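Here the structure is a predicted model, which is why all the values come from computation and not from measurement.
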Amino acid sequence: MAQKRLTWVDVTKGFLMILVVIGHYPGELNFPFIKYIYWFHMPAFFLLSGIFFKEIKDNQDTKVTIKKRFMQLMVPYLFFLFIITAVRYSMELALGNFELSWYFQDLWKLVIGGRFVRGAYGVFWFVTTLFFTYLLFIWMTKYLSRVKQIMLLVIFYIVAHLESILAMHVINGTPAEAAQTIPMLWNLDVVFMAIVYFSLGYYAKSIWMNIKLSWIFGALLVVFGAIAADYIGLIDYHLSMKFLRYDHLVLDLVIPMAFIIVILGIFQRLTTILPLEWLAKVEKHSIAIMYLHIFTDIIMNDYFQYGLIGFTTLGLAIPIIASVVIQKLIPYGKFFLGDIRAKKPIHL
């Protein structure tokens, strides 16, 4: 049973990673497919992380767990931050950009991170948000009763929506512009929303690990109903965690949860009859895909013209190749990709 669960989780994460790539496609589509991806794909990652969270009481275990999470999340973050920045700056220098002020301003944005870094760094906010979500949830489950945990989560959820109202309706402007008027290091304010999805994975673990067929059918009604209502204009729902856009106090739970129930439930059943190993392999290289797919497009679109399929194919293939090269040829390569067990350098 444990192996089956591992299989469907890996396959689901691989599928979600493909949606992450598709979600960053810069072109126009006839159908608002990308908008609907944003309704659930980031909440799904936080929820899946919550499913496998283990409560910690011992101080020594807490230190070990925090160190482990730092190695798994922040080491790849720093590694790819360095690699992408080194390549970018090399390209800038090659093009004749020797203005020191530009580099200092750019480095300052990289230090702040979160929603303030765009382009090649568009996904970096997720990692810092997830890491600090872990830290906060460790503290909550260690020192607070279940009732106090839930009360605090309700407060976090309300605060997140109040901040969203401030950004989207008081400050106004595009989500990116409005959110960036609220200063915050590493998108730490997004933790208020992320920890709610994370906690739903943790508290309802037994439900998520074996989703009933009746739940899937019920969730499908919500999914298709929401898409139909949005498509014909009855609702205009958006969800963008990175830019603090939470449109509705109820729908921000109902819609993401419905999608996640459907996706997890379907893959729990598909993996019992189909291997879907290719999706599991995508998940195996998900770190490189996450960090490099946008940068791949930034470099490749100067040489090729391609649509969504080409964008997605390149956004998966080139990072996977890079992941294999890093693991095989770079000392500590696996460690830089988040494998904390791979601490010995490879001798060629």
Measure across [X] and [Y] and return the closest heavy-atom pair with its distance rounded to 0.1 Å.
X      : Y      : result
Ile298 : Gly119 : CD1-C, 4.0 Å
Val11  : Leu276 : CG2-O, 3.6 Å
Phe132 : Leu188 : CD1-CD2, 3.3 Å
Arg118 : Arg115 : CD-O, 3.6 Å
Ile51  : Lys205 : O-CD, 3.3 Å

Indicate yes or no: at least one non-hydrogen side-chain atom of [X] is less than 4.5 angstrom from one of [Y].
X      : Y      : result
Thr65  : Tyr134 : no
Met91  : Asn97  : no
Leu110 : Phe124 : no
Lys67  : Ile340 : no
Tyr89  : Leu107 : yes
Leu239 : Tyr246 : yes

Exercise. Which pairs, with at least one residue in residues 157-168 and sequence neighbours excluded, count as a side chain to side chain donor-acceptor pair (under 3.5 Å)?
Worked result: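 Residue pairs with at least one partner in residues 157-168: His161-Asp252.
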
Exercise. Can you pull the side chain to side chain donor-acceptor pair (under 3.5 Å) pairs that have at least one residue in residues 305-314, sequence neighbours excluded?
Worked result: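 Output for this query lists Asp297-Tyr306.
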
Measure from the side-chain N and O atoms of [X] to the backbone N and O of [Y], and report whether any donor-acceptor pair falls under 3.5 Å.
X      : Y      : value
Ser323 : Ala288 : no
Tyr197 : Phe45  : no
Asn187 : Val190 : no
Trp125 : Met241 : no

Problem set entry | Fellow cluster residues of Met168, listed by chain then number, with links counted only when side-chain atoms sit under 4.5 Å apart |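 Listed partners: none, Met168 stands alone.
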
With sequence neighbours excluded, residues passing salt bridge (charged side-chain N to carboxylate O under 4.0 Å, His left out) with [X]:
X      : value
Glu92  : none
Lys284 : none
Arg245 : Asp247
Asp106 : Arg88

Exercise. Can you find a side-chain donor-acceptor pair between Thr85 and Tyr121 that sits under 3.5 Å?
Worked result: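 Distance-only check passes for Thr85 and Tyr121.
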
Exercise. Between Phe336 and Phe80, does the ring centre distance come in under 6.0 Å?
Worked result: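 No; Phe80 has its ring centre 6.0 Å or more from that of Phe336.
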
Exercise. Is the distance between the ring centroids of Phe46 and Phe126 less than 6.0 Å?
Worked result: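 Yes, the ring of Phe46 comes within the 6.0 Å limit of the ring of Phe126, centre to centre.
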
Problem set entry | Any residue meeting side-chain hydrogen bond (donor to acceptor under 3.5 Å, both in side chains) with His293, in chain and number order, not counting sequence neighbours |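 Partners of His293 under the side-chain hydrogen bond (donor to acceptor under 3.5 Å, both in side chains) test: His24.
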
Problem set entry | Contacts of Glu277 that satisfy side-chain hydrogen bond (donor to acceptor under 3.5 Å, both in side chains) - sequence neighbours left out |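 side-chain hydrogen bond (donor to acceptor under 3.5 Å, both in side chains) check on Glu277 returns nothing, list empty.
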
Exercise. Tell me the salt bridge (Lys or Arg N to Asp or Glu O under 4.0 Å) pairs involving residues 25-45, sequence neighbours left out?
Worked result: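 Non-adjacent pairs meeting salt bridge (Lys or Arg N to Asp or Glu O under 4.0 Å): Lys35-Asp230, Lys35-Asp236.
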
Exercise. With sequence neighbours left out, which residue pairs that include part of residues 141-150 fulfil the salt bridge (Lys or Arg N to Asp or Glu O under 4.0 Å) condition?
Worked result: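 Every candidate salt bridge (Lys or Arg N to Asp or Glu O under 4.0 Å) pair involving residues 141-150 fails, so no pair, neighbours aside, qualifies.
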
Exercise. Taking everything shown except Trp208 itself, do over 12 heavy atoms lie less than 6.0 Å from its CH2?
Worked result: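 Count over threshold, so yes.
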
Problem set entry | Contacts of Phe31 that satisfy ring pair (Phe, Tyr, Trp, His ring centres under 6.0 Å) - sequence neighbours left out |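 With neighbours one apart ignored, the set is Tyr36, Tyr231.
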
For this session: For the pair Tyr332 and Phe335, name the ring-plane relationship: parallel under 30°, tilted 30 to 60°, perpendicular over 60°.
Result: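 Because their plane-to-plane angle is over 60°, the rings of Tyr332 and Phe335 count as perpendicular.
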
